[in-house]
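Convention: sequence-line order gives letters A, B, ...; per-chain numbering from 1.
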Amino acid sequence: MRGRMPEREAARRAVPVPAVKIHNAEIANLLNRYGVLLEMEGDNPFRVRAYHNAARTIENLPRDVNQMLAEGADLSELPAVGKDLAGKIAAICASGRFDALEKIKKKLPAGVADLTEIPGLGPKRVKAIFKTLKIKSLEELGEAARAGRLRALPRFGEKLEKSIQEALQHRAEREQRWRLATAEQVVAPLLRHLETARGVERVAVAGSYRRRKETVGDIDILVSATDGTDVIERFTRYSEVDAVTAKGETRATVRFTSGLQVDLRVVPSRSYGSALLYFTGSKSHNIALRAMGMKKGLKINEYGAFKGSRWIAGETEADVYAKIGLPYIEPELRENQGELEAARKGSLPHLVTLKDIKGDLHAHTDASDGQQGLETMADAAQARGYAYLAISDHTEHVGIVHGLDAKRLKKQMAEIDRLNARRRDFRLLKSAEVDILADGTLAADPGMLAELDFVVAAIHTKLDLDGKAQTERLIRAMDNPRVNIIAHPTGRLLGAREPIALDMKRLMKAAVERGCHLEVNAQPTRLDLSDAHCRMAKAMGLKLAVSTDAHTADTLDYMRFGIDQARRGWIEPDDVVNTRETMQLLKLLKR
DNA sequence: GCCGTTTTCGGCCCGACTGTTTTCAGTCG
C-alpha cells in the first residue's frame with residue numbers, strides 16, 4: 001500500500017485547508033477505505049464497487065488531480081467518476097479530508113478497513129472479527145490469531161487463523177514491488193521449467209509484466225495445455241517455491257522463497273487468446289472491454305467471446321478484439337487511459353519498437369565510470385545493428401567518478417576519430433555527460449563542449465532543492481546553447497530514491513522552446529522519464545532520447561526497457577530522436 | 001454511485017479455489 005494519509009493527522013486538523021496537498025494515491029486510498037467500510041455496513045454492492053472503480057481511476061491517473069482541478073478540468077469526465085464523486089474528490093483536495101469517511105468512522109474505525117489487506121480477509125470476515133472481538137488494527141488481529149481466538153468465529157477455523165498469522169508475517173515482503181528486469185531474471189528459468197511439462201502447448205507471462213510496467217507486484221503465468229495436471233504439479237514443485245497458497249486443476253498460486261508471488265493458470269488451446277487478454281489486464285481495461293462487448297450482445301471471459309452460450313472467438317487476442325469491433329491493442333497501452341476510445345476511432349499510436357532504434361545516445365567507458373573501452377563498446381553497438389553510439393563519459397566535477405578533464409576528453413575524441421576511420425556504416429559520436437550545478441551552470445569548460453557532437457547534461461547533486469529552484473536550475477542549464485539532452489531528468493531510483501521536485505510541464509515547455517530533448521533513461525533502476533511523462537512529452541511535441549546510460553557493453557541491451565517505457569507512454573518512432581539515421585540525428589540535435 | 005448506438009432507469013463480470021461445511025459463503029483476480 002502506498003503513501004497513506006495519516007488518519008489522526010487529518011482528523012486533528014482544525015482548519016479545512018490542507019497544509020500539504022493530497023496526492024492521487026492518497027485520494028484513491030480514502031475512496032477505497034470508504035468502499036470497504038460501506039461494504040461492511042451492508043450497503044448496495046454496486047455503490048461499493050463504484051467507489052473502488054473511481055479509486056482505481058484516480059490511482060492510475062497519469063496527471064495530478066490537484067493540478068487538473070486548478071486548470072478547471074471536469075473530473076466527472078474521468079472513467080468511473082460521475083457528478084457525485086467528482087464533487088467529493090474536489091472536496092477532498094480542497095480540505096484534505098473526506099467527510100463521508102469521517103462520518104462512517106464513528107461506527108466503524110477506519111483501521112478496520114486495513115484488515116482487508118490481509119489475503120483471505122474480506123469485508124464480511126473483517127466485520128465478524130470487529131463486531132465479535134472488537135479488533136480494529138493489524139496488531140490486535142495478530143494477537144487474537146496467536147491466542148487462538150479467531151477460530152471461535154463462525155466459518156473460521158484453525159487453518160484460516162494460521163494463514164492470517166502467516167500473512168501478517170509476510171506482509172512486508174508481499175507489498176514489495178519488483179523491478180521488471182529483476183522479475184525477468186526470476187521468470188526466464190521458470191518458463192523453461194514449465195515448457196517441458198507434459199501436454200503443454202504454450203507458455204506466456206501475462207499481467208503487469210506483459211504490460212511492461214516498470215515494477216510488478218506478482219507474476220501471472222498462462223499455459224495452454226491439453227491437460228493441466230502435470231504442469232501444475234511441476235509448478236508447485238519448482239525449486240524456488242516456498243509455499244503453495246492455492247492449487248486446483250486449472251490454477252495454482254505459490255510464493256517463492258524471495259517473497260515473489262506467482263500465479264499459474266491453465267486453459268485449453270482455443271481459449272489461449274481470451275485468457276491471455278483476460279490475465280494481461282489491466283483490470284480496468286478488461287472491465288471497459290467487457291462492457292463494450294456486452295453492448296454488442298457478447299459475453300467476454302477468459303474462455304472466449306460468447307454469443308449466448310455459443311463460443312465465437314478466443315484463440316487469439318486479436319480475434320476477441322475483432323468481435324468487439326476493435327483492432328488489436330498492444331499490452332503496454334491496456335490501462336484504460338483512452339486506448340479503447342483510440343481503438344474505436346482507429347487512432348491508436350504505432351508504437352516505437354526496438355527495431356526502430358538506430359543508436360544509443362548515452363554510454364560510458366572505462367575512461368570514467370564505465371567498465372569497458374571505446375572499441376569494445378563500439379563493437380557491441382555495431383553488433384546490435386546500430387548506426388551510432390554516443391560516448392558520453394562524465395566530465396570532471398562529479399565527485400563519485402574520475403571524470404574527464406579537457407585534456408583527457410581531447411585524447412578520447414582523437415581516439416574516436418581513429419576508430420571511426422576504420423569502420424563503415426557505424427560511427428562513435430562524441431558526447432559527454434556534464435554535471436548541472438545547483439545554480440544551473442555546467443561543470444565543464446565551454447570550449448571543450450563546442451567540439452562535441454552533442455552534450456548530455458544531468459543533475460547528480462543537490463537533489464533536495466524545492467520544485468521551483470530545481471525546475472529553474474534545469475531550464476538555466478538548457479539556456480546554454482551547447483546542451484542538447486537532459487539525462488534522467490527526475491533522478492529517481494525505483495524503490496530507492498524519490499524523483500526530485502520538478503514542474504515537469506514547465507520543464508518540457510522550456511525544452512521545446514530551446515530545441516532541447518529529454519532522456520528516457522533505460523536503466524531498469526531508473527526508467528526516467530516515466531510512462532506518464534512520456535505521454536506528457538508527446539502531447540507537448542517534445543521529442544525524447546531513449547538511451548541506456550550503459551556502463552558495460554552488455555547493458556546496451558537495457559534499451560528494450562527504455563522502449564517498453566516509451567511504448568507505455570504512447571511514443572511513436574517519430575517522437576524519438578534516436579530513430580534517425582546519423583546525419584538526420586545530428587541535424588535534429590543541432591540548436 | 002456510474003452509465004447510456006437497445007436504456008436517464010435498471011442494469012452493473014464471473015469462474016476458481018479454500019475452508020468449513022455437509023452444500024456453500026467468502027475471497028480473489
Side-chain angles (χ1 to χ4, degrees), chain A residues 31-32 34-36 38-40 43-57 75-89 100 115-129 150-164 166-167 174 206-208 217-222 228 232 236 243-254 261-267 271 274-275 277-306 324-325 336 344:
Chain A
L31 295 174
N32 270 328
Y34 188 63
V36 170
L38 275 183
E39 192 170 1
M40 284 183 212
D43 208 306
N44 174 1
F46 299 108
R47 185 168 173 243
V48 170
R49 190 185 302 168
Y51 276 91
H52 291 302
N53 288 343
R56 199 167 45 238
T57 295
L75 296 183
S76 72
E77 282 172 14
L78 295 171
V81 178
K83 241 182 150 164
D84 182 87
L85 278 173
K88 287 192 168 109
I89 293 166
L115 303 186
T116 61
E117 286 170 23
I118 300 300
L121 290 189
K124 300 268 168 61
R125 285 178 182 152
V126 167
K127 186 178 180 181
I129 290 171
L150 294 178
R151 69 183 75 169
L153 297 171
R155 296 195 73 89
F156 278 67
E158 219 172 306
K159 239 173 157 171
L160 185 58
E161 191 176 61
K162 215 171 145 200
S163 89
I164 289 170
E166 262 176 42
R174 205 184 300 278
S208 50
D218 61 5
I219 298 290
D220 299 292
I221 293 177
L222 180 69
I232 288 197
T236 53
V244 178
T245 22
K247 183 179 172 186
E249 282 176 22
T250 65
R251 61 201 292 175
T253 301
V254 301
Q261 179 175 304
V262 187
D263 292 339
L264 178 80
R265 274 96 167 185
V266 185
V267 295
S271 300
S274 45
L277 183 60
Y278 189 91
F279 295 119
T280 296
S282 66
K283 190 171 181 179
S284 182
H285 176 89
N286 284 346
I287 289 172
L289 194 65
R290 287 195 291 273
M292 288 174 84
M294 275 195 299
K295 269 176 224 143
K296 293 199 180 291
L298 302 177
K299 186 179 78 172
I300 314 283
N301 62 28
E302 60 261 58
Y303 295 106
F306 295 86
I324 307 166
N336 197 24
R344 205 172 47 203

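- Residue Lys283(A) has no polar side-chain atom (N or O) positioned under 4.0 Å from OP1 or OP2 of dG29(B).
- Closest contact between the side chain of Lys159(A) and the listed nucleotides dG29(B), dA16(B), dT20(B) involves dT20(B).
- When rounded to the nearest whole Å, the span between CG of Leu78(A) and P of dC3(B) equals 9 Å.
- Remark: the separation of the C1' atoms in dC12(B) and dC17(B) is 24 Å, to the nearest Å.
- Backbone-only contact: Val81(A) has heavy atoms under 4.0 Å from sugar-phosphate atoms and none from a base.
- Across all strands shown, Lys88(A) has heavy atoms under 4.0 Å from sugar-phosphate atoms exclusively, and none from any base.
- The distance from atom CZ of Arg125(A) to atom C1' of dT27(B) is 6 Å, rounded to the nearest whole Å.
- When the P atom of dA25(B) is taken as reference, atom NZ of Lys127(A) falls 17 Å away, rounded to whole Å.
- Salt-bridge formation is not detected for the pair Arg251(A)/Asp263(A): no Lys NZ or Arg NE/NH1/NH2 atom is positioned less than 4.0 Å from an Asp or Glu carboxylate oxygen.
- Atom pair His52(A):NE2 and dG29(B):C1' shows a separation of 14 Å (rounding to whole Å applied).
- The separation between Lys295(A) atom NZ and dC12(B) atom C1' is 12 Å, rounded to whole Å.
- Judged by distance alone, the side chains of Lys88(A) and Tyr34(A) never bring a donor and an acceptor atom under 3.5 Å apart.
- Nucleotides dT20(B) and dG15(B) place their P atoms 26 Å apart, quoted to the nearest Å.
- The C1' atoms of dT23(B) and dT18(B) are separated by 14 Å, rounded to the nearest whole Å.
- Dashed line: the shortest gap from a side-chain N or O of Lys124(A) to OP1 or OP2 of dC28(B) is not under 4.0 Å.
- Contacts of Phe279(A) with the nucleic acid, taken as non-hydrogen atoms under 4.0 Å apart, are absent.
- At the heavy-atom level, Leu289(A) lies nowhere under 4.0 Å from the strands shown.
- Atom CZ in Arg251(A) sits about 11 Å away from atom C1' in dC14(B), given to the nearest Å.
- Within the 4.0 angstrom heavy-atom criterion, only backbone atoms of the sugar-phosphate kind lie near Ile118(A); the bases stay farther away.
- Residues Tyr278(A) and Leu222(A) have side chains not in contact (no heavy-atom distance under 4.5 Å, counting atoms from C-beta outward).
- One finds a side-chain N or O of Tyr303(A) lying less than 4.0 angstrom from the OP1 or OP2 phosphate oxygen of dA16(B).
- Nucleic acid contact for Pro45(A): none, since no nucleic acid atom lies under 4.0 Å from a heavy atom of the residue.
- Atom pair Leu85(A):CG and dC3(B):P shows a separation of 9 Å (rounding to whole Å applied).
- Residue Ala246(A) places its side chain closer to dT18(B) than to any other of dG29(B), dG26(B), dT18(B).
- With rounding to whole Å, Tyr278(A) atom OH is found 7 Å from dG15(B) atom C1'.
- Side-chain contact check for Leu85(A) versus Leu31(A): some heavy-atom pair is nearer than 4.5 Å.
- Between the Thr245(A) side chain and the Thr253(A) main chain, a donor and an acceptor come within less than 3.5 Å of each other.
- Arg290(A) comes within 4.0 angstrom of a base, heavy atoms only.
- Side-chain nitrogen and oxygen atoms of Lys162(A) include none within less than 4.0 Å of the OP1 or OP2 phosphate oxygen of dG19(B).
- For dC2(B), its base never sits under 3.5 Å from the side chain of Arg47(A) at any donor and acceptor pair.
- Under the Watson-Crick and G-U wobble criteria, each requiring two contacts below 3.5 Å, nucleotide dT27(B) is paired to dA16(B).
- Contact between the side-chain N/O atoms of Ser163(A) and the OP1/OP2 oxygens of dT18(B) is not found at any separation under 4.0 Å.
- Minimum atom distance to the side chain of Arg265(A) is reached by dG29(B), of the listed dG1(B), dG29(B), dT20(B).
- No engagement by Pro154(A) is indicated, since no non-hydrogen atom pair under 4.0 Å with the nucleic acid exists.
- Residue-level contact check: Leu121(A) touches the backbone only, with heavy atoms under 4.0 Å from sugar-phosphate atoms and none from bases.
- Closest to the Phe46(A) side chain, of the nucleotides dC12(B), dC14(B), dC24(B), is dC12(B).
- Using a 4.5 Å heavy-atom threshold, the side chains of Thr116(A) and Leu121(A) count as separate.
- Along DNA chain B, the nucleotide closest to Val126(A) and the one closest to Glu158(A) are compared, and the more 5′ of them pairs with Glu158(A).
- Nearest-nucleotide positions on DNA chain B for Asn44(A) and Glu39(A) put Asn44(A) closer to the 5' end.
- Counting heavy atoms from C-beta outward, Leu160(A) and Ser163(A) have side chains that approach closer than 4.5 Å.
- Scored by the side chain to side chain donor-acceptor pair (under 3.5 Å) test, His285(A) finds Tyr321(A), Glu339(A) as partners (sequence neighbours excluded).
- Using C1' as the reference atom, dG26(B) and dT21(B) are 13 Å apart when rounded to the nearest Å.
- Rounded to the nearest Å, the gap between the C1' atom of dT6(B) and that of dG10(B) is 13 Å.
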